[in-house]
Structures are given as C-alpha cells and as structure tokens.
> 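Here it is: the structure, laid out below.
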Amino acid sequence: MKNRIIFLMVAVALILASCGGGGSQAGKQKQVTLSAAGATFPQPFYNLAFKKYNEAGGPLINYGGIGSGGGIKSLRDQIVDFAATDAFLSDAELAEMPGKVVHIPTCIGAVVIAFNLPGVTELKLTPELLEGIFLGNIKMWNDPKLLAVNPGLVMPDMEITVVYRSDGSGTTHIFSDYMSKVSPVWNAQLGTGKALNWPAGIGAKGNPGVAGTLSQTQGSIGYIGFEYAFAQKIPMARLMNSAGFYIEPTLDSFSAAAASEMPEDTRVMITNSSNPAAYPITSFTWIILYSDLAYGNHSREAAEATVNTVKWLTGEEAQAIATSVHYASLPQNAALQAARLLKEITYQGEPILK
Amino acid sequence: MSGDRITKALLFISSLTILLLGAGIVLSLFGGAIPAFREFGLKFIVSPAWNPTTGSEEYGALSFIAGTVITSILALIICIPMAFSTSLFIAEYYNGTRTSSILRSLVDLLAGIPSIVYGFWGFYALRPLLVATGLSDQGFGVFTASLVLAIMIVPYATSLSAEIISMVPAELKEAAYSLGATRREVIFSVVIPSARSGIIASFILALGRALGETMAVTMLIGNANVIPKGLFAPGNTMASVIANQFGEASGLKLSALIAVGLLLFLITAIVNALGKLIIKRFA
C-alpha cells in the first residue's frame, strides 16, 4: 500500500517536472504574449491586424472585445497591457487612473444610418429628420417631412421601427455626440452617452444584434458601425452634413472628416465636421496605455512589445489592413501625433523607442 | 470507521462550501446595491425611470419588475394547459406504455435545449409568424417573449406534475373504479384533487424558472426600458437589462443593476420557497 503511494507520488512529480521542462522550452522561443481588451467597434480591424502581426513574428495578442467601458476598467485595474476605446477618457476618468494614460488614435470609423424598407434602397436624411425619427416624433415612413427631403421616392404606408443598442456602447456615444451637436432638443432630452433613455423603438444587443434585427425587420431604421451594415448589405442613408451636402458613407468621406486640427493629446471628437466633403458621423478610435509601462509585474519585454505593436498598428502596413475592412486610415496629422506620443512612452523612466 | 469519518468530513466541507458561496453571493449583492438604495431609497422599487445620461442619472426598477412579472405570469398561463394535459397523458392515461415513455423523454429533451437556441427559434421562426398574422408590426414584445418562455417552462411543469400524479396511491383509484366510476371521473374526482397541491407547486417552480430566464427573452422582448404599453409592445425584464448593460456600467448605474439583481434574487427565492412549502405540505 505504502509503496504504491510512493510510486504514485514519484509518477506525479515526474509528470509535473516534464511539464515544467516544456514550459521553459516554450519560453526560449521568446514568444511574448500580450493581453488587451476594449471596444468592439474596431474589433474586426484589430483581430485581423493582430493576427497578421503575430504571423510576421510579432507577439501573440489576446484581444477581448468587452466594450470600451470594460477596456477602461481593465486598464485601471492594470490587468491588460493596453486597452481600446471609442470614447476618449474625460479629465475626471484620467484623474481616476493610477498612472498617466496616453491616447493613440488607430483608425477612423463611421456610424451609418441603416434601414430596411421594401422597395427603397436610397434615402436622404437631415439632422431634423434623424431627430424626429429617433425621438419617436416621426412615426410613419410616408410622413410628409420625409417625402419633402426625398422627392420622387415612393414611401410605403408603414410604421417606423427604430432599433437602438440595448447595451452600453461606443457606437451609441458617437451617434449621440453628433445628434447633441446638431439638435438642441436631442441635447436637452437625451444628451450624449454610451447608453440613453430612448423614448421609442426596440433595443438589440451589440452591433451584430442591431444588424440582424434591421435585416430581419421591415420598416426598421437604426445606427450601426459602417462595416456591419456593409457586410450584411443593409442599405445606408445619405446624410446632410454641416455644409448642406448629402454625403454617402464612404472611406473617402470619413477621411475628409478628420482633416482638421488635432490637439496634442489626440482627444477630439470629429463628428459634424465643417469639411464640405465629410460624412458627419465619424470618430477616431483609440488605443490607451500607460505612459510609463513599468507597473505591477510588467516586464521590459512586454513593455517593448506593447509599444512596438501600437507603433506598427499606426504605421502604413496596418493602416492598409484597416482600409481593407472598411475603416478609414489615419490622416497624416493624426499619424504624426501618434508617432510623437509613442516616443514619449517610457519603462522606468527610460524611453522605449530609440 | 476512519473511512466513514473521512467521508463525513468531506461531505460536511463540501456542503459548507456551498452554504458559504450562497451567503457570499447575497452579501456581495447587498454590498453592491447599497449606493443605489442610498441614492434613491425605496423609490428605486416603484420608479419606472431609467435614465443613464450623465448629469441627469436616475434609476428605478419598476419597468423591469413589471416586464419580468408580466412575461412570467403570461408564460405560466400559456404553459398550464399544455403542461397539465401532457402530464395527465404521461402519468395517468398512458402510464407505463411505450408512448408515454417516448413522450416523457421528448419532454425531458425540451428541458435540455439551451436558452439561446429557443431565442434563435423565436427570432427567426416565431417572430415572422407573428408579423404575418398582423398581431404585431415588428414581432418584438412581451407576447413573443412570453410565448417562448412558456415553451421553455413546459418541460419543468410537465415532469414535476407527472411525477406527482403518478404518486397518487393506486388503492384510491381502485376504490373509485370499484364503485363504478369511469376513467374520466376517476381523474377529475380522485387523481386531480389528491395531487392538487403538488401540481400547483410544480407550476410555481416553473414560474420561478421563467422569472430568471435571460437570453431567449432579451432576443425577443425588444429591450425598451419602459413599462410595456401592451401585449405586443416592447419592454424589458430584470435579467435581460442586467445582461445587456453590465458590461459598460460603472458607478451608480452599476449599483442600480446590482440592486435589480438583488430584487430578482429575492423575488425568485420567495417564489421557490412558496413552491417548496406547498410540496412539503402535500408530502
């Protein structure tokens, strides 16, 4: 009996030892693993970019699409190497962080107004119409106000079903930031936020949820990340921008929105751009990380891999990947700011990029 | 002897762990809910406001309590005729036959289907059907959610009721038959009256399940944070609003969601305790 127990213990010890050996061997290959979490809005871009970077010899990056708020929380708790968010941190949120946090813009995304209306594939909308529809004041598709902006369109006698995000979301933040700028009524009634007190319509979870509900529900209209509407081939409305032009959502019209001044810390909302060629509901999306990466038990290796990854992400190769999945690439001024900010990131006070 | 003691100790430790876990969950719910209750007091339970906009934040659970209670009761009402007749069929009319055992395993199979699959079915099959009948414009709403909930709780109510019906002593039934009663008379005058409280308890336990159901409901109810304006209007339930909003919630909103969770926990606990109490009296 006793012998048997000893034998078992030896066997277990041997197995454990061999596992340990395997582990250290893997360590010798210097495969650095980074963990990141945050926004789902740019996730299709990040997933593809991180995979390609890893294949080209870069670190393995586990990105959790848990939402911008979750990403910010994870960075505050220092359990990720970097986080991603669609809404830049407010001064109050920055003050709550245990260390100085840097925003690096990575690409430009747009929120489109997608709709499902039998026999209608082209639709023009003004800020007033958006306000009326999403606040539940314009209830029917053949409302005279809609017909006035869309002469010649045959609108069905059908109720409008507004679809919004039931979960807190950066997409809602971008859309409501725009609406608050163009509509005082909206600003007073709903304001800007990741979740709102919607007076009308139905909620669906996540960008995919809204896309599914829109494509399955006749008479529906909703706001959604561009690439999701594009992938599901849901018709998108042309929106009247601040210069009075009806702009189709395209990568060029998104880029046009970003061609304005960029503040030093890159924290800027670019909705309702004054550029006459710009699509009005666009936004940067950011990677956020600490300006000194020596926190917790964060190794120098991981810190170097983090900065190099973000630098690569804002570089030419990754920006081409962004365009291939329907995000607009960074304009030159934003890319320059990103490069300057990355050079300032340190490890124990020493700059990481030489 | 010593083996016995070890077993006893092991069992004690594992059951104690479960007790501690349960207590820990309740404690952390209470702790998390305190800021919301401190801010809104009891108004939290009776207010239908749910405004997450920074600056004018105001939270109340009434819309979700209403949504939860309405969908669950409606589901129960739809479920009763289905589950009641099926359990009679299984446990009394065809008891012991091949048909009955096949039906019984089919009912159990229904219980094993994950919630999300019911949601899928509701979204892609049931919803277009409701739109086609003209009852609803877009098919989302309280009624659609209740219908799917009803189908989800049928297996629970059925197998519990069947169990209880088959527990009715054979002597009772035989005595009735010997007095010349027909089968229908035996069922309605002997079997059902003596199994009544057990059957009621099984439906209350099924209701307890409906209260906490999340995924299928959130896919179908429309997730509008208001008290539903009608059977075909969208609403939201307690479980569904938590699942939808906890990810991006922080501060007061997170506390309000935890408070909703605490209320749901209390409601479910009361309903389940009621069911258990009735079963105990029956046994």
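The structure presented is a predicted model; accordingly, all values stated were derived computationally and were not measured. Here is the naming used below: chain letters follow the sequence lines, and residue numbers restart at 1 for every chain.
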> Looking at every non-hydrogen atom in both residues, tell me the closest pair between B:K253 and A:A195 and how far apart they are.
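That closest heavy-atom pairing would be NZ-CB, 3.4 Å.
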
> Which region of B:A249, side chain (C-beta onward) or backbone (N, CA, C, O), has a non-hydrogen atom less than 4.5 Å from a non-hydrogen atom of chain A, or is it both or neither?
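For B:A249, the backbone is the part near chain A, not the side chain.
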
> Please state whether the side chain, the backbone, both or neither of A:A204 comes within less than 4.5 Å of a heavy atom of chain B.
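Only the backbone of A:A204 comes within 4.5 Å of chain B.
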
> Nearest heavy-atom pair of A:G203 and B:N223: which atoms, and what distance?
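So the minimum-distance heavy-atom pair works out to O-ND2, 2.9 Å.
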
> So does B:F246 have more than 12 non-hydrogen atoms from other groups sitting under 6.0 Å from CZ?
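Counting other residues, nucleotides and ligands, CZ of B:F246 stays at 12 neighbours or fewer.
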
> Between A:N197 and B:N51 (side chain of the first, backbone of the second, donor and acceptor by atom type, cut-off under 3.5 Å), is there such a pair?
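No: the side chain of A:N197 does not pair with the backbone of B:N51.
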
> Roughly how far, to the nearest 0.5 Å, is the CD atom of B:Q245 from the CZ atom of A:R165?
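These two atoms lie 11.0 Å from each other.
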
> Could you measure the distance from the CD atom of B:Q138 to the CD1 atom of A:I160? Nearest 0.5 Å is fine.
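Atom-to-atom, B:Q138:CD and A:I160:CD1 are 13.0 Å apart.
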
> Of the backbone (N, CA, C, O) and the side chain (C-beta and beyond), which part of A:S176 lies under 4.5 Å from a heavy atom of chain B, both, or neither?
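Neither part, no heavy atoms under 4.5 Å.
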
> Any non-hydrogen side-chain atom of A:L196 less than 4.5 Å from a side-chain atom of B:T53?
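Yes - at least one pair of side-chain heavy atoms lies under 4.5 Å apart.
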
> Do A:W198 and B:V226 have side chains that get closer than 4.5 Å, going by heavy atoms?
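Of all side-chain heavy-atom pairs linking B:V226 with A:W198, none is under 4.5 Å.
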
> With a 4.5 angstrom heavy-atom cut-off, which part of B:A243 approaches chain A: side chain, backbone, both or neither?
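Looking at B:A243, just its backbone touches chain A.
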
> Is there side-chain contact between B:F140 and A:T161, with at least one heavy-atom pair below 4.5 Å?
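B:F140 does not reach A:T161 side chain to side chain.
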
> Could you tell me which portion of A:T213 (side chain, backbone, both or neither) has an atom closer than 4.5 angstrom to a non-hydrogen atom of chain B?
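Both parts, backbone and side chain.
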
> Below 4.5 Å from any heavy atom of chain B, which atoms of A:Q216 appear? Answer side chain, backbone, both or neither.
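For A:Q216, heavy atoms of backbone and side chain both lie under 4.5 Å from chain B.
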
> Looking only at heavy atoms and a cut-off of under 4.5 Å, which of A:S68, A:G191, A:G193 has the most pairs with chain B?
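So the answer, after comparing A:S68, A:G191, A:G193, is A:S68.
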
> Report which part of A:L190 has an atom under 4.5 Å of a heavy atom belonging to chain B: side chain, backbone, both, or neither.
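Just the backbone, heavy atoms under 4.5 Å.
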
> State, to 0.1 Å, how close B:A224 and A:G201 come at their nearest heavy-atom pair, and which atoms those are.
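Here B:A224 and A:G201 meet closest at CB-O, 3.8 Å.
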
> Got a donor-acceptor contact below 3.5 angstrom from the A:K194 side chain to the B:P52 backbone?
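Between the backbone of B:P52 and the side chain of A:K194 there is no qualifying donor-acceptor contact (under 3.5 Å).
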
> Rounded to the nearest 0.5 Å, how far does OG of B:S250 lie from CZ of A:R76?
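That separation rounds to 7.0 Å.
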
> For A:K181, does the NZ atom sit with more than 12 other heavy atoms under 6.0 Å from it, leaving out its own atoms?
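Yes, NZ of A:K181 has more than 12 neighbouring heavy atoms, counting only those of other groups under 6.0 Å.
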
> Quick check: are there more than 12 heavy atoms from other residues, nucleotides or ligands sitting under 6.0 Å from CG of B:L42?
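No.
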
